[in-house]
Peer 1: 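First the structure, which I've put down as structure tokens, then a few questions once you've had a look.
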Amino acid sequence: MSSPKSNKPKIVNGPGGYILQDVPHLVDYLPDLPTYPNPLQDNPAYSVVKQYFVDADDSVPEKVVVHKDGPRGVHFRRAGPRQKVYFESDEVHACIVTCGGLCPGLNTVIREIVSSLSYMYGVKRILGIDGGYRGFYAKNTIPLNSKVVNDIHKRGGTILGTSRGGHDTTKIVDSIQDRGINQVYIIGGDGTQRGASVIFEEIRRRGLKVAVVGIPKTIDNDIPVIDKSFGFDTAVEEAQRAINAAHVEAESNENGIGFVKLMGRYSGFIAMYATLASRDVDCCLIPESPFYLEGEGGLLEFIEKRIKENGHMVIVLAEGAGQELMSKSMESNTDASGNKLLKDVGLWLSQSIKDHFKKINMVMNLKYIDPTYMIRAVPSNASDNVYCTLLAQSAVHGAMAGYTGYTSGLVNGRQTYIPYYRITEKQNNVVITDRMWARLLSSTNQPSFLGPKDMPEEKKELPEKPTPDGVNCDGVVDIPPVTKEITK
Ligand SMILES: Nc1ncnc2c1ncn2[C@@H]1O[C@H](COP(=O)(O)OP(=O)(O)OP(=O)(O)O)[C@@H](O)[C@H]1O
Ligand SMILES: O=P(O)(O)OC[C@H]1O[C@](O)(CO)[C@@H](O)[C@@H]1O
Ligand SMILES: [Mg+2]
């Protein structure tokens, strides 16, 4: 058994400040692995496609907006099939697991991983892990094939079941090893990808020929680097139904307020995009943008003004917004994964608004709509289905090509392989000093509820300054990277 070589990030530096934040490969710690011709070269569907195989040097830039004299910046390895593969078809024993909260498109991703493995690479042994990470050691597995998954994309949820908590690395890797699994596809959010990273490290430590692949899932869109997560568009679309209903109710009642609470624990993307899409919303409240209720410039003053002007209004609230305003006595707990369990800000804020209008003796009709789970329990829409298909196919191509320890993700419209540390190092949040939030503020014509002096310093997006050696590492972890120079 070979010993692991290095667990440091693989960084390749090139001319003009080019940086490739590369992903691990099985040969990093198993250097003598044999390769095989990719079976796709004999597949009639692909043999007609010119340049179907991805060039080994293809990479995708993280940032597409550049300055004339700026460095070329960070790049990720382009996803797709390679000429050579590191697994023979009948050698592959794959498994798929889904973890964390539900998200539209989970079943599509499962279906497409199974289809890609079966139809493109002739793989016959694929297992579903039942009920998230703990399913590896506490439950029976579910055999998967093209027939079993044929129409699952039409259903919401995950046919494999999901859970929070239960990540016992040793037991999970023991189970992988005992079952002879050599490709692990892990679909989940930020917590899940952290778990995948730990599993990968343990597999590398044990020197196993096992590819560990993450597929990012989160309707909150809180995973960094990627353009957006699958299911997000579907969730935003579904939220429109609630906002429409809120608008109809608000318009039809005297001084009506339609009030919609949407998901978004720490990141308010769903509320922001649902608001931008709808145009019926007068006020959007998200966790990243603090607000206050009472007094000049406060939320209640704004609501009163808008009602007096328009006779009705619609408010969209992300569940994580305004948590700090609620009584400290309303204790919050954590879930099995350690995520903060939120207090119900929707009910609390509805009551506060009602109390305010009672106090000023003004008629007001508030209708509170909480579609929380409805927006994530639906099957994915057409565009998310296509997205899920590309993600799943890319994930499979990467594992077959021997890459491991990566998340398959869309960056600037291209499929890429992203090293785990970039996915887990921080959370994706709405930057309220960014143009997108400004666009929302001008669309709703709501105040920011912040004076310029209150602007959180750390949220200000500073122009990127090159590091002294002329390259911009943009938050790369502080472990010294394994660096290689490209000279061409
Ligand atoms: N730091 C970590 N190390 C190992 N495992 C983790 C870690 N964080 C979370 N996990 C595991 O990942 C799984 C999913 O985590 P979590 O419940 O936070 O959901 P998630 O993947 O972030 O999805 P979402 O938040 O979008 O619903 C859980 O089984 C949890 O035990
Ligand atoms: O009730 P559950 O399943 O823990 O999920 C709730 C959480 O899941 C999320 O949708 C993230 O997946 C959050 O927005 C929400 O707070
Ligand atoms: Mg999460």
Side-chain angles (χ1 to χ4, degrees), residues 97-106 109 129-139 156-158 160-173 184-203 212 214-224 226 228-232 234-236 238-239 261-274 286-288 317-321 323 332-346 370-378 407 420-421 423-430:
V97 63
T98 51
C99 312
L102 292 184
C103 178
L106 280 165
V109 175
I129 304 297
D130 189 354
Y133 278 133
R134 65 167 58 91
F136 272 104
Y137 55 88
K139 293 200 175 186
T158 158
L160 300 179
T162 186
S163 66
R164 299 192 189 274
H167 187 284
D168 184 322
T169 315
T170 306
K171 285 188 185 168
I172 291 169
V173 179
V184 184
Y185 295 92
I186 301 176
I187 313 169
D190 56 337
T192 305
Q193 302 302 317
R194 267 181 218 108
S197 171
V198 183
I199 291 171
F200 162 67
E201 289 303 341
E202 178 58 15
I203 280 172
V212 182
I215 292 120
K217 168 247 48 147
T218 156
I219 58 158
D220 288 356
N221 203 35
D222 55 6
I223 295 186
I226 60 173
K228 66 180 167 188
S229 47
F230 73 79
F232 177 73
T234 306
V236 168
E238 197 60 21
K261 185 179 83 170
L262 295 174
M263 277 194 170
R265 206 198 303 262
Y266 307 110
S267 306
F269 287 103
I270 296 176
M272 178 164 92
Y273 276 82
I286 58 170
E288 296 88 336
L317 169 81
E319 61 181 339
Q323 289 289 315
S332 64
N333 272 320
T334 52
D335 66 17
S337 296
N339 300 304
K340 196 165 74 176
L341 282 174
L342 301 174
K343 294 173 260 185
D344 194 336
V345 66
D370 181 351
T372 306
Y373 290 101
M374 293 175 70
I375 67 164
R376 73 174 201 187
V378 289
T407 296
Y420 282 140
Y421 66 89
I423 294 290
T424 56
E425 70 188 349
K426 62 177 184 191
Q427 200 167 46
N428 192 30
N429 294 113
V430 174

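We count ligands from 1, going down the list as the structure has it; atoms in each ligand are counted the same way. Keep in mind that the numbers below use all heavy atoms, side chains included, and drop hydrogens, waters and symmetry copies.
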Peer 1: Against ligand 1, does G132 come closer than 4.0 Å with any heavy atom?
Peer 2: no
Peer 1: Between L262 and T372, is the side-chain contact (heavy atoms from CB on, under 4.5 Å) condition met? List the steps.
Peer 2: CA-CA 5 Å; L262 295 174; T372 306; over 6 Å; no
Peer 1: Does a side-chain heavy-atom distance below 4.5 Å link L341 with N333?
Peer 2: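 With C-beta onward as the side chain, the pair touches.
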Peer 1: Please answer whether the main-chain N or O of F232 pairs with a side-chain N or O of S229 as donor and acceptor at a distance below 3.5 Å.
Peer 2: no
Peer 1: Can you list the steps and then say if T162 with L102 is a side-chain contact (heavy atoms from CB on, under 4.5 Å)?
Peer 2: CA-CA 8 Å; T162 186; L102 292 184; 3.9 Å; yes
Peer 1: List ligand 2's nitrogen or oxygen atoms that come under 3.5 Å of a protein nitrogen or oxygen, with the partner atom and distance.
Peer 2:
| from | atom 1 | to | atom 2 | distance (Å) |
| --- | --- | --- | --- | --- |
| ligand 2 | 1 (O) | Y373 | OH | 2.5 |
| ligand 2 | 3 (O) | R376 | NH2 | 2.7 |
| ligand 2 | 4 (O) | R164 | NE | 2.9 |
| ligand 2 | 4 (O) | R164 | NH2 | 3.3 |
| ligand 2 | 5 (O) | R164 | NH2 | 3.1 |
| ligand 2 | 5 (O) | R376 | NH1 | 3.0 |
| ligand 2 | 5 (O) | R376 | NH2 | 3.4 |
| ligand 2 | 8 (O) | R164 | NH2 | 3.1 |
| ligand 2 | 8 (O) | R376 | NH1 | 3.0 |
| ligand 2 | 10 (O) | R376 | NH1 | 3.1 |
| ligand 2 | 14 (O) | D220 | OD1 | 2.8 |
| ligand 2 | 14 (O) | D220 | OD2 | 2.9 |
| ligand 2 | 14 (O) | G264 | N | 3.4 |
| ligand 2 | 14 (O) | E319 | OE2 | 2.8 |
| ligand 2 | 16 (O) | E319 | OE1 | 3.4 |
| ligand 2 | 16 (O) | E319 | OE2 | 2.7 |

Peer 1: Which atoms of ligand 1 are found less than 4.0 Å from any heavy atom of G100?
Peer 2: 14 (C), 19 (O), 23 (O), 27 (O)
Peer 1: State, without any angle test, whether Q193 and T424 hold a side-chain donor-acceptor pair at a distance under 3.5 Å.
Peer 2: no
Peer 1: Between K261 and D344 (salt bridge meaning N to carboxylate O under 4.0 Å), is one present in this structure?
Peer 2: yes
Peer 1: State whether the shortest distance between N or O atoms of R194 and N or O atoms of ligand 1 falls below 3.5 angstrom.
Peer 2: no
Peer 1: Show me which atoms of ligand 1 lie under 4.0 Å from any heavy atom of T218.
Peer 2: 26 (O)
Peer 1: Could you tell me if the side chain of P104 sits less than 4.5 Å from the side chain of I219, heavy atoms only?
Peer 2: yes
Peer 1: In Å and rounded to the nearest 0.5 Å, what is the CD1 to NE2 distance from I172 to H167?
Peer 2: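 Result: 4.0 Å between the selected atoms.
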Peer 1: Ignoring hydrogens, just give me the one of R164, R265, Q427, R134 whose non-hydrogen atom is nearest atom 19 (O) of ligand 1.
Peer 2: R164
Peer 1: Are any of the heavy atoms in Q193 under 4.0 Å away from ligand 1?
Peer 2: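 Distance cut 4.0 Å: Q193 fails for ligand 1.
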Peer 1: Determine the sole option in I215, T98, V97 for which the side-chain contact (heavy atoms from CB on, under 4.5 Å) test with Y185 is passed.
Peer 2: I215
Peer 1: Can you tell me if D190 has an N, O or S atom under 2.8 Å away from the Mg ion (ligand 3)?
Peer 2: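 Yes, within the cut-off.
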Peer 1: Could you tell me the residue and atom name of the protein heavy atom closest to atom 26 (O) of ligand 1, and the distance to it rounded to 0.1 Å?
Peer 2: K217 NZ, 3.2 Å
Peer 1: I'd like to know if the side chain of D222 reaches the main chain of Y266, judged simply by a donor and an acceptor atom lying under 3.5 Å from each other, with no hydrogens or angles considered.
Peer 2: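 Not confirmed, D222 side chain does not pair with Y266 backbone.
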Peer 1: What protein heavy atom sits nearest atom 22 (O) of ligand 1, and how far away is it?
Peer 2: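 Protein heavy atom with the smallest distance to atom 22 (O) of ligand 1: D190 OD1, 2.5 Å.
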Peer 1: Does D335, backbone or side chain, put an N or O under 3.5 Å from an N or O of ligand 1?
Peer 2: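 Min N/O separation from ligand 1 is not below 3.5 Å for D335.
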Peer 1: For atom 14 (C) of ligand 1, grab the closest protein heavy atom and report residue, atom and distance to one decimal in Å.
Peer 2: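 Nearest neighbour among protein heavy atoms for atom 14 (C) of ligand 1, to 0.1 Å: T192 OG1, 3.3 Å.
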Peer 1: Between D220 and S267, is the side chain to side chain donor-acceptor pair (under 3.5 Å) condition met? List the steps.
Peer 2: CA-CA 6 Å; D220 288 356; S267 306; over 6 Å; no
Peer 1: With a 4.5 Å heavy-atom cut-off, do R376 and C103 have their side chains touching?
Peer 2: no
Peer 1: Taking non-hydrogen atoms only, is N339 closer than 4.0 angstrom to ligand 1 via side chain, backbone, both or neither?
Peer 2: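 N339 to ligand 1: side-chain contact only, backbone stays beyond 4.0 Å.
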Peer 1: Which ligand 1 atoms, with their elements, are less than 4.0 angstrom from a heavy-atom of Y133?
Peer 2: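 Reading through ligand 1 atom by atom, the close ones are 11 (C), 12 (O), 13 (C), 29 (O).
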Peer 1: What residue and atom, counting heavy atoms only, is the protein's closest point to atom 10 (N) of ligand 1, and at what distance?
Peer 2: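 Scanning the protein heavy atoms, the shortest distance from atom 10 (N) of ligand 1 goes to G191 O, 3.3 Å.
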Peer 1: Heavy atom to atom 31 (O) of ligand 1, shortest distance: which of G338, G165, G189, G135 holds it?
Peer 2: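 Checking each option, the heavy atom nearest atom 31 (O) of ligand 1 is found in G165.
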Peer 1: Using distance alone, decide if ligand 1 has a nitrogen or oxygen within less than 3.5 Å of any nitrogen or oxygen in G101.
Peer 2: yes
Peer 1: If we ignore hydrogens and angles and just use 3.5 Å, is the side chain of Y137 paired with the main-chain N or O of G166 as donor and acceptor?
Peer 2: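 Yes, because the side chain of Y137 sits within donor-acceptor range (under 3.5 Å) of the backbone of G166.
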Peer 1: Assess whether side-chain contact (heavy atoms from CB on, under 4.5 Å) is satisfied between T192 and I186, documenting all intermediate values.
Peer 2: CA-CA 8 Å; T192 305; I186 301 176; 3.4 Å; yes
Peer 1: If you have a sec, work out which protein heavy atom is nearest atom 30 (C) of ligand 1 and how many Å separate them, to one decimal?
Peer 2: S337 OG, 3.4 Å
